[in-house]
There are 2 protein chains.
Amino acid sequence: MFSKACQYAIRATVLIAMEGRNGRRMSLVDIAQSTGSPPAFTAKVLQQLARAGILDSTKGPNGGFDLTPAKARKVKLSMVVKAIDGDDVYKGCGMGLPQCNAKKPCPLHDHFQQVRDDLRRMLEGTDMHTLSLGLDAGTTYLKR
Amino acid sequence: MFSKACQYAIRATVLIAMEGRNGRRMSLVDIAQSTGSPPAFTAKVLQQLARAGILDSTKGPNGGFDLTPAKARKVKLSMVVKAIDGDDVYKGCGMGLPQCNAKKPCPLHDHFQQVRDDLRRMLEGTDMHTLSLGLDAGTTYLKR
DNA sequence: TCTAATTCGGATAAAACTATCCTAAATTTG
DNA sequence: CAAATTTAGGATAGTTTTATCCGAATTAGA
């Protein structure tokens, strides 16, 4: 469903949002460690998110990536997914037709509509702050 | 959501099911033509489907791929997807954690559950015969 | 039996994705 | 100001996915 890059992006952003609730910022190595992601590759992903304005990054000692609770509430899953994978997964045609709509639908269109809308609603309605809450509550986990 | 190979597989199978309703079989070149897919690559995909027992193939003149209406009713979308992409897309964890379940869920687990179950129900409940009906009725389309 | 049509399977190539490494730039701290 | 820390970005590999080509095997029909 999502690329590995996108999965790393989601994991990292949720984690950074959690640290953000404590007013802290996280370094790349800590993020990679806590999410079980390859550091160098994760760096690229985080840079993409920072360029997209989803995360804030700071260089130098004590630097890293951060996301304030206020911003975390505004950052929806759909924004992270779109920044890394594009929005095809929750907007595009299931069979890959470039033009597929109610007027000229693919055979899957109607069957798929509900699923895609469901996914879209979920992605657009779920924010990073909410996702981060379970992490330090110990009800959700980020690593195998 | 699905790989290109899988999209080609779905398009082809629906088309073959439609021809099957007229008791006909389809050659690779006709399939590639009618679905707008690269012939050589589509050949590999169709071979996979034939090996998986989803399609029947016949060599020689007037050969090709076929699917009887009776069989098309039994072939669910999930079977095609599983044969090409595996079942991760409708069974696996959205964040890519190898172990993610109700007991040790990822932060997305609960939010994702409904979407995944929805997708799964759709894939397992939709058969190729049904999908093929709109094609010659002119209510659905396979090519851009 | 010969020929043509057609799938099968292996080899190969191109593109995209995943991953790593190294240097530059920025920033904090002493 | 110098040194250490940390992200930014470019270069480069490795792997997977997508794609093509070609010869072998099979089969129908003349």
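In this text, all values refer to a predicted model and were calculated from it rather than measured experimentally. To find a chain, count down the sequence lines: A is the first, B the second, and so on, and within it residues start at 1.
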Next item on the list: Measure from the side chain of Ser57(B), starting at C-beta and using heavy atoms only, and say which of dA19(C), dT7(C), dA19(D) lies closest.
Entry: dT7(C)
Note to self: So Arg25(B), base contact, sugar-phosphate only, or nothing? Heavy-atom distance under 4.0 Å.
What the structure shows: nothing
Margin query: Tell me the interatomic distance from Gln33(A), atom CD, to dT6(D), atom C1', rounded to whole angstroms.
Written below: 17 Å
Notebook entry, point to check: In terms of the nearest nucleotide of DNA chain D, which residue is placed more toward the 5' end: Pro39(B) or Gly63(A)?
Noted result: Gly63(A)
Next item on the list: Evaluate the side-chain proximity of Asp66(A) to Glu19(A): yes if any heavy-atom separation is below 4.5 Å, no if none is.
Entry: no
Next item on the list: Measure across Asp85(A) and Cys6(A) and return the closest heavy-atom pair with its distance rounded to 0.1 Å.
Entry: OD2-CB, 3.2 Å
Check: Minimum heavy-atom separation for Leu49(A) to Thr13(A), with atom names?
Finding: CD1-OG1, 3.4 Å
Which pairs, protein N/O on one side and nucleotides 27-30 of chain D N/O on the other, fall under 3.5 Å?
none

Notebook entry, point to check: Between Ser27(B) and Phe2(A), which is nearer to the 5' end of DNA chain C once each is assigned its nearest nucleotide?
Noted result: Ser27(B)
Notebook entry, point to check: Which atom pair, heavy atoms only, marks the closest approach of Pro69(A) to Arg21(A)?
Noted result: CG-CA, 3.9 Å
Next item on the list: Enumerate the residues from residues 40-48 of chain B whose closest heavy atom to DNA chain C is under 4.0 Å, giving them by residue number; use none for an empty result.
Entry: Lys44(B), Gln47(B)
Check: Charged N to carboxylate O below 4.0 Å: is that the case for Asp118(A) and Arg121(A)?
Finding: yes
